[in-house]
Every structure is written in structure tokens, then in C-alpha cells.
Amino acid sequence: MRLPILLTLICALFSGCKTEKKPHPTFYYWKTVYSQNKTEQQYLEKMQSRSLYVRMMDIDLSPDGQQAIPISPITFKESVPQQVNIIPVVYIVNNILNVTDSTALKTLASKIAVFVQAKVQQAGKKDYQELQIDCDWTKTTKDRYFYFLEQLKKLPQLRNKEITATLRLHQVKNIESSGIPPVKKVMLMCYNMGNLRKYGPQNSILDQAEMDLYLKDHLKNYPLALDVALPLFKWAVIFRNKQYAGISKRLQPNQLQDKNMFKKLEQPLLYQLLVDLPQAGLKKNDIVRWEHITTKQLLQTADFLSAYLPSTEFNLTFYHLDEQLLNDFKYDDLQKVIHRF
Amino acid sequence: MILNMTTCKKLFIGFSTFFTVFFAEIAINLACGGEVDPYDYYINYFHSDVSGDEYSPFFFTQLSFLYGDKDTHSESDINSEEWAKYLQVKKEDVEKAMYRSNDATNLILSKLDQQPISSLPDSLQQNTFIQALGKNKKAAQYFSFAKSCEPLANSSSDYWNPAPRDTAGMISAAKEALDLVSSSHGDAFIKLRYAYQSARMYHYAAQYQECRNVYDKLIKTNKTSSAVKGWSMALYAGATRRLGMRSESAYLFSKVFESNPERRILAYRNYYNISPSTDSVLRFAKNNTERATIWAIEGFGNPAKDLKSLEEVYKNDPKSPINGALLVREINKLEGNILNGSSNYYYYNSPNNADSVKRVNLKHLTLVKNFALKLAGEKKYSQPELGTLTAAYLSWMENKGAEASSYLSKLDFPKLPERLKDQYRITDLLIKADQIKKGSSFNPNDLLPGLKWLDQKRFEENKPKPGQTYDDWGGYNKAFSLSARNLYQDVLAPAYLKMGDTARAAMAMVKGDIRSSNLKNKDLFSNMGSTTIGYWQEALSPTTLLSIEKYRTTPPQDNLDGLLAGSIRQLNQDDFYELLGTSYLRTHHYKNALAWFQKINPKHQYFSASNWYEGDEGRLYPNAFIETIRDYPKQNGSKTGGLNKKTFAMEMLRLQKLVTSDPKNAAANYYKMANALYQTGYFGNSWGLISYSWSSYDNVVPPKYDYEKDYKQALTARRLYLKARILTTDQNLKAKCTFMLAKCAQKMIIPGKYPDYLYTYLNGKITYKDYLDANLANPYYKEFSAKYAKTPFYQIAQGECSYFREFINRN
């Protein structure tokens with residue numbers, strides 16, 4: 001009889017160290033054309049994702065610079081599966097807030113609501129419950145942004161819906177200058193945290209040192225409910241003469257392993273191009289920093305967040321739902337990450 | 001010039017005069033209606049369409065990208081014609097079904113191949129084209145397919161419209177079209193069209209490489225001769241551009257420009273959207289025609305002097321009508337740079353009249369003339385006479401009338417094409433009109449046949465169209481009206497003025513304005529343009545007007561005078577008589593004024609001043625016979641108690657008589673008349689008695705016309721105040737006269753000579769301080785202070801006039 005009591009005590013001790021977290025796994029859908037892909041569907045089903053965050057459009061200036069307009073709005077070739085709720089996401093370029101006054105912001109909110117409603121219906125859904133606004137606002141645009149969010153909330157067609165916003169690491173740390181958006185819940189974007197344009201071996205997508213710096217002392221006290229977004233993506237960051245030269249969209253990862261084409265440098269992630277590669281827009285001696293995410297990194301991030309994230313139940317959103325990205329991760333790997341919380 | 005001055009008011013005056021002068025120039029130029037008319041902003045006699053209409057969208061105007069934005073040929077017309085031939089049916093029926101059907105009908109037509117003709121609505125059943133489709137399954141299938149592509153192609157351009165372009169649908173349609181090409185054995189006509197639809201759908205779906213592939217594989221090789229090949233080339237060119245091959249794309253668009261007049265403007269716009277360097281496009285040209293086309297596009301798009309493009313086109317394709325079109329453009333450009341006149345919006349204010357610029361322009365004229373003579377001599381161009389005619393006209397522009405005539409005499413008039421005949425006649429008129437000068441033996445009546453012909457042409461242009469309710473004063477499609485106006489107002493009228501013949505000049509001005517033979521409104525000033533109105537209302541003396549009256553009332557004769565007088569004769573005489581009477585008011589001949597006013601219909605509404613901003617609500621009635629110390633605020637009369645031109649004339653006549661018949665009160669009556677004449681200045685409340693207009697910058701513009709002696713300078717008032725002062729013994733009255741003399745003298749201080757004021761002001765030649773000092777140095781102030789300080793009036797004046805107080809304080 002003593003052993004069971006001892007075991008229970010031990011379990012109680014362990015459970016006392018860590019609050020039980022319940023992450024709901026889901027994905028961002030960030031492509032401009034939605035079509036049902038078998039692999040992508042399977043992941044959604046296996047993870048029992050109840051929602052899908054779907055990018056509706058960017059908001060940026062029209063080519064003539066006169067007004068804010070939808071950029072590359074999504075088109076739905078097929079409907080979003082019946083069992084998956086759609087959470088529309090609208091990305092707002094920060095500069096829009098600099099050039100749009102309060103009257104125009106009010107109108108913008110209204111136009112966005114109408115546009116999103118139509119898109120959601122094109123997705124095969126009658127309605128939606130949550131609208132997420134994605135904007136990397138700054139100290140100078142804070143007031144306008146928050147005003148814009150207030151206006152959204154006031155719209156009759158959005159009154160019964162939840163307006164949420166994305167949150168970046170620096171906005172957690174610099175909570176005073178960044179302010180707290182007038183929403184009940186935010187999505188913490190745990191990616192793109194480093195300096196993309198700085199030459200060096202750092203992984204600007206996911207970097208533990210950065211997370212420590214921004215979140216360690218601040219995340220626990222963040223006053224709003226927090227969801228979490230984790231990266232699955234990868235990209236080739238190009239440097240020419242140690243100057244940032246862009247991201248190459250036409251470079252295949254297997255090319256990096258070709259010793260005739262690339263020489264792996266000593267520092268992590270860095271490869272030197274040995275020949276000209278015009279089809280990818282690259283020149284000899286260009287340096288490629290191949291930023292990608294490993295399961296190990298995700299597990300490390302999960303450990304960190306589970307220690308500091310105040311939420312108990314939250315959406316754990318992977319960015320983003322794309323067969324090519326998913327092929328780098330076994331389904332079991334992702335499950336491990338989810339259960340790490 | 002307001003009298004009450006404080007320190008801050010000085011500043012205000014300084015600024016206000018600065019700004020009024022600064023904006024005055026623009027204000028004057030825009031006074032008559034705002035925007036500049038792209039079809040009437042320079043003196044034009046050489047009509048844009050002399051060499052033909054083929055390239056009419058590219059006629060010269062500097063103020064618009066295209067002269068007209070409709071293509072010379074209609075795409076629907078061309079396509080309907082092709083289908084009509086193919087199916088042996090009526091072209092109109094094809095057009096109706098293909099291009100003029102509404103959405104509901106289109107829906108039916110998109111399923112045409114799936115249902116029998118008998119099930120269609122009556123209107124469609126009776127259409128010969130539809131009937132033919134009923135018998136030709138393959139054609140029907142194509143037609144339905146084409147209709148089904150329409151909803152895909154017509155997408156909205158509203159950014160905030162959430163309905164997306166159905167690019168997936170387009171790609172699917174493109175692929176379907178390709179399948180249907182394969183199944184259309186032996187029918188090149190249908191095959192070509194399916195291929196076109198495929199290329200089109202791919203293009204709109206942004207699948208540019210696929211679009212090009214379709215063209216290369218299926219359209220380039222298709223043996224049909226059809227406009228569709230050109231349309232496909234346009235798609236191919238566009239896809240080429242999107243794929244980054246811009247110069248090649250421009251070259252391809254130049255081919256469309258040449259081969260498809262129904263898509264010429266589209267090709268032209270695309271070419272200029274790309275804005276390639278000429279050399280980079282010429283590299284692709286395979287033959288002379290292609291080179292000529294590229295240079296043609298360059299030439300059409302160049303608003304500056306450009307002989308190079310013309311020479312290149314001529315070198316590569318001397319027969320092409322483009323040569324004529326480009327040559328006429330060069331002539332029009334020269335007209336804009338060389339011909340002076342009131343209709344030239346830019347010339348009036350531009351430095352083009354500077355000698356150095358004149359020389360440059362005349363140099364270019366010589367080059368163009370030489371080219372024209374080459375064109376005429378080599379006889380490679382289809383209308384070599386155009387060259388000779390050009391040389392004649394350009395010679396006229398250089399004031400070389402004899403040379404111009406000699407070129408004209410080289411032409412065989414009866415054999416000329418109609419438009420060249422017209423241009424010949426105009427050039428001939430111009431040469432003749434130049435000979436109207438002092439001492440010339442030229443008989444002006446020689447102009448008569450030509451002017452009558454010109455009248456005919458412009459009356460034709462202005463025949464009201466059915467349902468038209470407005471008068472069209474614009475310049476589009478009014479080349480003869482504009483040339484006639486320019487001839488009368490910028491050649492004849494100045495010629496008459498040079499000879500001192502103001503009456504004929506005035507009549508010529510009006511003759512130039514009357515465009516139509518059927519006048520709805522016969523009021524004098526309603527039928528004049530703004531320049532003519534200004535001239536008539538400001539410049540004509542009683543003598544001139546009496547001469548005009550003589551012409552007006554002389555029985556009409558079949559000569560030039562008869563023609564000129566005819567323009568006035570058809571208009572109402574009341575306005576004319578009012579003007580005559582007013583001209584006598586201006587010269588203070590009140591008896592004569594009244595004589596003309598008596599002839600006016602009692603119902604006639606005389607001109608009356610009004611506050612421009614208040615319109616009819618702001619009528620200002622004269623109140624001339626009052627004493628004032630300050631000019632502002634103006635003390636206007638009331639509607640019932642106010643004066644009019646007649647009652648003013650009567651009172652002035654009465655006073656004039658009194659000063660001789662009642663010498664004891666002469667001073668008082670001179671004083672009264674002086675006050676009244678003072679009030680007829682722009683600074684007074686009765687300017688409407690002698691002027692038809694008032695402007696807030698009248699104080700800045702130096703006087704030009706006789707009546708401005710009163711209207712701007714108060715000279716007659718000054719003379720009469722002096723007379724009153726000499727004749728009276730009453731010190732107070734002397735004081736009043738002296739004070740008014742000061743006010744009159746002040747009107748003579750005009751800040752510099754307009755439009756130099758701005759420059760002298762900025763250059764410090766006449767500074768604002770100097771201007772103030774001049775005002776304060778008014779000699780009559782000294783006199784007023786010295787001699788009349790003890791009069792009751794002095795105290796009043798000092799109290800009311802702060803400017804005078806300023807003077808006192810300074811001294």
C-alpha cells in the first residue's frame with residue numbers, strides 16, 4: 001500500500017512543478033490559392049485541428065499611392081473542409097497606419113469586414129467566429145493601430161466575433177512603448193526574431209538566445225491571453241560581399257549538398273556558391289544562409305514556452321500548411337512538439 | 001487704393017498688390033473659362049486632317065496623349081465582316097449577335113450548340129447569322145465557346161471587389177480551346193479563333209509562356225488571312241513584355257500598329273508604356289516597312305520639333321500616308337511656335353516672341369520646307385502636291401507672300417484632292433489678307449469669294465445636330481471655324497488696326513466669332529468671344545462706333561464691307577446703341593449720349609454692375625452725386641433711387657448747362673460734376689455707367705483706353721475740382737476740393753508697369769517703401785495742411801482719413 005501512495009505523491013510533486021497545458025494544434029494557411037492537398041489535409045485531420053488560420057489578403061498602398069487596398073487576396077479553388085473552422089487573417093503593412101488618417105481607417109475597417117465576409121463565403125463557410133489582424137506595429141503607429149482595432153470591434157457585422165491580433169517578441173518586451181492592443185487574445189509569433197539582414201550564422205527564424213532576451217523576463221506577465229505560432233518554414237538568405245541581397249525563391253535545398261556547386265562553410269548554416277547560378281539569380285561567391293527548422297529546435301522552443309507561457313489552453317499554430325514544408329517533419333515529430341507543452 | 005492706412009494695413013496692401021499682380025496674369029488668361037482646349041490653343045490654319053484620316057488619333061496636340069481616343073476602324077465591324085463572308089450571312093446580323101447582345105441573350109448563346117434553333121427567342125431565330133450557326137455545328141460550337149469565355153475575361157477593376165479573377169477557370173478554358181483546335185480538322189478559320197481564345201485566356205490568367213507557346217505553335221503557322229492574327233500578336237506582345245523582353249515586345253506592338261488599325265491605339269499605348277529606346281526596338285526590324293512603323297510611332301509620340309522621325313519614315317517607306325501625317329504635325333508645331341495672336345494661349349505669355357527663339361523656330365521651318373519640297377519633287381509619296389502646298393504655307397508664315405504665291409501657282413488646282421483644295425484656298429486667303437495695308441494697291445474685295453467659301457465651310461461645321469441643345473464653342477472638329485476666326489481676328493483685324501481703321505477691325509472681330517448661319521440668340525455680346533467683347537466694350541470711340549453704325553445701316557452690298565457689316569446687321573441693335581451712348585458718356589458728350597439712348601427699346605435691360613460673387617442678388621446701383629472722404633466702403637445707390645445711364649446723362653447735361661447759365665453757382669456745380677465723375681472710377685460706386693467690367697487688379701494695370709482717364713485716373717474729376725476751387729471763395733469748399741484733388745492725384749500712382757511690377761518689385765527697383773513714400777508725398781496734402789487746417793472740413797477729413805493722419809504725423 002505504501003508504493004501507490006508514494007507514486008501518487010511523486011506524481012503530485014511533478015504535476016505541481018508544471019501547470020497542465022492544453023495546446024490545440026492548428027496551422028496558418030498562407031498561400032494565395034487555396035486548394036485541397038492530400039498531405040495537408042491528412043495533417044489537419046490527424047492533428048484534429050478544429051480551426052485553420054487563413055490569410056485573406058495583405059493591406060498595402062495601391063500602385064498610385066492613393067489608397068489602402070487588398071493585395072493578392074486569396075482565391076478558393078475548393079472549399080475549406082467542413083470540419084475545420086476558418087479564422088480569417090488580414091495582414092496590414094505598418095506603413096499604412098502612417099499614411100491613413102482616422103476617418104480613412106474607419107472606412108478601411110468597414111471595407112475589410114465586407115471583403116473578409118465575402119472571402120469566407122468563397123471558402124464554403126457561412127460565417128466565422130474570429131478575425132485575426134496581423135500587423136507589426138511600432139511606437140509611432142500604435143495609437144492609429146489600436147484605434148483601427150477599436151473601429152473593427154464596433155462594426156455591426158463584427159460585434160459577435162472575436163477580434164484578435166498577432167504579437168511579436170519585441171512587443172512583449174517593450175510593452176510600455178508598444179502598448180497593449182485592445183483585444184482579448186493575441187498570437188505570439190515565435191519566428192522571424194533575429195536580424196534577417198545581418199550577415200552571420202544566426203538563424204533569424206528561430207533563435208533561442210533571442211527568445212531568452214525578449215521573453216524570459218516578460219512573457220509571464222503579459223496581460224492578454226496568448227496563442228502561439230511556431231515556424232516550419234525555411235529559406236535561403238543571400239549575401240553578396242557580406243551585404244544582404246535578398247531571399248532566393250529558386251534555390252533547391254538539395255543543390256546545397258552538391259559539392260560542385262556549394263562549399264559548406266565552417267560556421268553553421270552558411271554555404272558559399274562556387275559557380276554562377278543565373279536561374280536562381282545568384283552569382284559566384286554569393287553566400288547562402290540556409291535557415292531552416294529542425295524538430296530539435298521546435299522541442300527546445302516548446303520547453304522554453306511551456307515554462308514561461310502563462311496560458312493553459314491555447315492554439316498552437318504552425319506556420320505554415322504546405323506539403324513541401326510538412327515533408328521535412330514526420331507527423332510523430334510534430335506530435336512530440338505538441339506534447340512537450 | 002484705399003485711403004485709411006495703419007501700419008498693418010501697409011503690410012496688407014503690400015502683400016495684396018504683390019499677390020494680385022502675381023496671380024493677375026494667370027487670372028487674366030483663365031478669365032474666360034478655366035481649362036485650355038487641346039484642340040484650340042494655338043493659331044491653326046493648316047488643318048490636321050489635310051493628308052487624310054488614317055492616323056487621326058495621332059494628329060498634333062501637345063495637351064493630350066491622343067488627339068482622339070477612338071480607333072479609325074471598328075473591331076466589331078471587321079470581325080463581323082469576316083464572319084459574314086465565312087458563313088455567307090448579313091454582317092449586321094453577326095454584329096448584333098456577337099457584340100450587341102445583353103447578358104441574358106449571351107447566356108442563351110453560350111449554349112447555342114446544345115439546343116435547336118427553334119427553341120430560341122424570335123429575334124434570334126430571325127438572325128441570319130444564328131440561322132447559319134444552326135446549320136454549321138462546328139461554327140456554333142466555337143461561338144458558344146467564345147461566349148462562355150466572356151464572363152471569365154470581363155473581370156472587375158475595383159480593388160475592393162472580393163470576387164476574384166477566375167484564373168483557374170481561364171486556364172481550364174484555355175486548355176479546352178486547345179483541344180477544340182485539334183478537333184477542328186481542315187477549318188483554318190475556326191482553328192485560328194480557338195487558338196486565339198486559348199492564347200487570350202492564358203494571357204489573362206498570367207500564363208505568359210503558355211500564351212506565347214500557343215501563338216508560336218498554332219497562330220503563327222495558320223494560313224488564314226484574318227484580323228485575329230493581329231489580335232493574337234498583340235497578346236503575344238503583351239506576354240513577351242511580362243516575361244521581361246521589353247524591347248522585343250515594343251517591336252511586336254509596332255507590328256500590330258501597322259497591321260491592325262482597329263487596335264492601333266492599344267499598340268501605341270503599350271509601346272509608350274514600355275518606353276523603349278528607339279535603337280533597341282529597331283534592332284528587331286526585319287525590313288523597311290517595319291523600320292518605318294517604328295519611326296512612325298516615335299514621331300507620333302513626339303511633341304517637340306522632330307524632322308528625324310519623318311525623314312526616317314520617308315527613307316524607309318516614302319509611299320506611306322504616315323509621311324503626310326507626320327509632315328502636317330511638324331507644320332502644326334511650327335504654327336504653335338511662330339504664329340502670334342490672341343488665340344495662342346501660350347504664345348501670349350511665352351518667351352517665344354524673343355528674337356533668339358524666333359530664329360530657332362524659323363530655322364526649323366526652313367528644314368521642314370526643304371523636306372516638303374523634296375517630297376514634292378521626288379514624287380515618291382502618293383500626294384506630292386502636299387509638299388508644294390506646305391512650302392507655300394510655310395512661306396506665308398515667314399511673311400514671304402510672293403514666294404508663297406509662287407508655290408501655289410505651281411499647283412494644278414482643279415486636279416488637287418478635295419482637302420488639299422481646301423488648304424490651297426485657305427493659304428491663298430492668308431496671302432491675300434496680308435496685302436491689306438496702307439498704300440497697297442490690293443483690292444480687299446478680292447478676298448470676298450474666299451471668305452464666302454470659308455463661311456460656308458464653318459457654317460457646315462456648326463449645323464446643329466438633331467437633339468443638340470447647346471452651342472458648341474469647343475475646338476474639336478471645328479478646324480474651319482477656328483481658321484476663320486483666326487483669319488479675321490489675327491490677320492484682318494490687326495491689318496485694319498495698323499491702318500487706323502478701327503471700325504473695320506471691330507467688325508472683323510465679330511465676323512470671326514460668328515460660326516453659324518442660324519443664330520438662336522441675336523444679342524450683340526452673346527455672339528462675341530471674350531477677346532472681341534473686351535475690344536468692343538473698352539476700345540471703341542464714338543467716332544468708330546458711328547462708322548460701324550453707318551456700315552450697319554447701309555443697304556447690304558456684295559463686297560467685303562458688306563460681308564463684315566452683315567455680321568453686325570443680323571444682331572440686335574439695342575446693345576449696340578447702348579454702347580454708342582456709353583461711349584459718349586465717356587467723352588462727357590451727354591446730349592449725344594441721350595440721343596442714342598432714346599433710340600433704344602424701352603424694354604431693353606441696360607448693363608448694370610453687380611458684385612460678381614453674389615450674382616443677380618448683388619446688383620450695384622450707381623449713386624454718383626455724393627461727397628465722400630473714403631472710397632471704401634462704397635456707398636451704392638438703391639434699386640429705386642439709383643441712377644441709370646440715362647438719368648446720369650440728363651443730370652450731367654443739366655449741370656453742364658448750368659455752369660454757363662448760372663455763373664454764381666458754377667463752383668458748386670463743377671464740384672458736383674467732379675464728384676460724379678470721380679464716382680465713375682473703379683474706386684467709386686458708379687463705374688457701371690462708363691465701364692462694362694470691374695476687376696480688383698484695375699489699380700495695378702496701367703491705363704490703356706481713353707475712358708480709363710476717368711475710370712482709373714480721375715483726370716476729368718481733377719480738372720473740375722481745380723476749376724471749382726479757383727471759382728469759389730468758400731474756404732471750406734476749397735478745402736474739400738483740395739482734399740479731393742489729393743485723392744485724384746493718388747490714383748496716378750500705379751505700382752510699376754504691369755507685368756513688370758513683379759520683377760521690379762523683386763529686383764528692388766520700385767520697392768514697396770518707395771511706393772508708400774510716393775503716396776505720402778502727395779503735393780495736395782501739403783497744401784491741405786498749410787492752407788486749410790482751420791476749416792471745419794479739415795477736422796472731418798483728419799478724423800476720417802487715417803492716411804492723411806499718417807502724413808500729418810510724419811511731418
Side-chain angles (χ1 to χ4, degrees), chain A residues 31-37 54-79 86 88 90 92-93 96 100 104-125 127-128 131 157 250 278-279 281, chain B residues 64-66 69 148-178 198 200-213 238-249 266 269-275:
Chain A
K31 292 190 265 199
T32 48
V33 179
Y34 180 90
S35 58
Q36 291 188 0
N37 171 290
V54 181
R55 174 198 164 277
M56 299 282 104
M57 71 258 208
D58 293 356
I59 300 288
D60 201 353
L61 276 180
S62 58
D64 62 6
Q66 294 301 312
Q67 51 166 336
I69 59 165
I71 304 287
S72 305
I74 191 169
T75 51
F76 290 93
K77 266 173 109 164
E78 283 147 316
S79 301
I86 191 171
V90 176
I92 299 185
V93 173
I96 286 290
T100 315
L105 281 176
K106 208 167 162 185
T107 317
L108 181 63
S110 175
K111 283 182 171 164
I112 287 174
V114 169
F115 198 90
V116 167
Q117 184 69 32
K119 282 294 168 192
V120 161
Q121 280 166 351
Q122 285 167 18
K125 300 286 174 191
D127 207 354
Y128 61 98
L131 169 65
Q157 60 264 54
R250 284 171 269 164
Q279 53 267 44
Chain B
S64 181
F65 180 66
L66 290 166
D69 56 9
S148 73
C149 289
E150 287 317 308
L152 294 167
N154 299 328
S155 69
S156 158
S157 63
D158 173 16
Y159 289 118
W160 283 99
N161 181 349
R165 258 193 177 192
D166 188 2
T167 46
M170 289 179 202
I171 294 171
S172 155
K175 290 186 180 149
E176 191 183 339
L178 290 176
S198 180
R200 181 168 171 247
M201 287 289 106
Y202 273 132
H203 187 97
Y204 292 159
Q207 307 296 307
Y208 301 116
Q209 194 50 59
E210 281 79 352
C211 172
R212 277 173 53 107
N213 292 344
T240 307
R241 177 193 175 174
R242 300 293 183 134
L243 291 171
M245 296 169 273
R246 295 164 61 87
S247 298
E248 186 180 344
S249 169
L266 174 131
R269 282 191 198 276
N270 271 282
Y271 187 98
Y272 277 102
N273 227 281
I274 295 170
S275 281

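These figures come from a predicted structure and were not determined experimentally. Below, read A as the first sequence line, B as the second, and so on, with proteins coming before strands; counting in each chain starts at 1.
- Atoms CD1 and OH, on Ile59(A) and Tyr159(B) in that order, are 12.5 Å from each other to the nearest 0.5 Å.
- Among all heavy-atom pairs drawn from Phe115(A) and Trp160(B), the shortest one is CD1-O, 3.5 Å.
- With a 4.5 Å cut-off on non-hydrogen atoms, Gln117(A) does not touch chain B at all.
- Heavy atoms of Met57(A) lying under 4.5 Å from chain B belong exclusively to its side chain.
- Ile112(A) touches chain B through backbone and side chain together, each having a heavy atom under 4.5 Å away.
- If you measure heavy-atom distances from Pro73(A) to chain B, you find no contacts under 4.5 Å at all.
- Residue-environment remark: NZ (Lys125(A)) exceeds the threshold of 12 foreign heavy atoms within 6.0 Å.
- For Lys77(A), the part lying near chain B is the side chain, with the backbone staying farther off; criterion is any non-hydrogen pair under 4.5 Å.
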